[in-house]
Amino acid sequence: MYETRVFADDYCGVFRKQEDFLECLKSIGRNSSWQRKSARNLRLVAITSGSKVEEEMKERYADEGLDEEIIADTIVNTGLLLKVRNQYYPVRNCAIKSILDRAGISGAGLRRVEKNVYARILNDCLKAAKGEALLRISEGKVSAVLGGDCHDYAVLDMEQVFLHTVDYLTGNFKGCRYMEGFYEHDMVSAVWQLTGEDALLDAYRDELALHGRTAEEMVPMVKVTTSDTGSGGANIYPMLVYGKGCTTISLGSPLRLGHRNGSSLSEFDAQLKLLYGKYQLAAGNLVKLLKIDIRTPANCMKGVMDRLGIPRKYEAEAVELFLAQYGEGPCTAHDIYFGISEIPFMLACEGWDGGRIARMEETVARALSVDWTGYDVPGAYRW
């Protein structure tokens, strides 16, 4: 169910029921707003425990009926307020990147300086910023400071994105079944199974049989992700659940709708209508992998994962698991891709949040387009 501490920077809601997921989005929408401000009028102010600023902010929030814990949570996390003329807003972690973008600066060194120095550096840069900024105020905090000019960020209401998804999937796929949804401040996602839609994967099953493979139980899945913090657009991912272990396989790049100027829900509806064809294309990509023979699977797997930028820890675990299942003999790129696809499951077991897992799934899916034979080299692999 929807939780009262959704304001916390580390909030991660997991929803097993579709109605709870949609109710969460509706509630957050009621407690959120968009504001356009001149970028050069934005300033950052440090806030510390026991300070006069903290006391004033808590008094103001109490008067407005907002939870005073929002201020305490801000101090523990960013320790920053955004000042817009005489109004102060607590800054959420996920807003920092967009604030840096508006200031036109970046660099890991900024994280190591004191908050007062950090705020002063950004303020000097914000004074020279041009145009308008679009502020996302959500659950008592600033979640994003985006481009607010006419050619910049276009708002796509998150609740409506998922309501349109539900309407389309239930209306066009009889076996559609909601699996789970995730809410984090920088990304929202939900997954549906399309049980009984065998036609989506018939060509792939036929090709598996031609290659002497047993076509284990496969169920198409759809994942939809979106964000109102500039972390991503409205994306539709074709996926499948494969075998007794219920391995989730990414089927390539998603259908994307960016938050560019003019983007609308009607464009998102048009993307949904491309879903069936996207499955046919994705199945074709898997078929291509069946036809690529690999002589040195461990080296090839390591090389491809290095190319994708997967953290070394998960590379090593994936290779170890693959060799335990398949051995070191020749195989196909299809086998290795399925081995790499175990990594998002590893992250889930470690408690990674849904947004980071979704980004890893997209990273893994990029393997479908690499030159596999270029990584099929003998000898000792140098990590």
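- Crowding of Glu317 atom CD: a count of heavy atoms from other residues, nucleotides or ligands under 6.0 Å exceeding 12.
- The shortest distance between side-chain heavy atoms of Met360 and Pro311 falls below 4.5 Å.
- Ring centroids of Tyr168 and His164 are separated by 6.0 Å or more, keeping the two rings apart.
- One hydrophobic cluster, built from ILVMFWY side chains closer than 4.5 Å, cannot hold both Val53 and Tyr118; they sit in different ones.
- Remark: aromatic rings of Tyr237 and Trp192 are distant, center separation not under 6.0 Å.
- Other residues, nucleotides and ligands contribute at most 12 non-hydrogen atoms within 6.0 Å of the NZ atom of Lys97.
- You'll find the ring centres of Tyr183 and Phe15 outside the 6.0 Å limit.
- The two residues Trp372 and Ala333 make their nearest non-hydrogen contact at CD2-CB, 3.6 Å.
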Problem - Step-by-step side-chain hydrogen bond (donor to acceptor under 3.5 Å, both in side chains) determination, Tyr61 to Glu69 - result: CA-CA 9 Å; Tyr61 269 46; Glu69 284 298 310; over 6 Å; no

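- Proximity of Leu134 to Val155: side-chain heavy atoms (C-beta onward) are separated by under 4.5 Å at one or more points.
- The side-chain heavy atoms of Thr226 and His259, taken from C-beta on, include a pair separated by under 4.5 Å.
- Residues Arg177 and Met179 are in side-chain contact: their nearest non-hydrogen atoms beyond the backbone lie under 4.5 Å apart.
- Between Ile70 and Lys141, the closest side-chain pair of non-hydrogen atoms falls below 4.5 Å.
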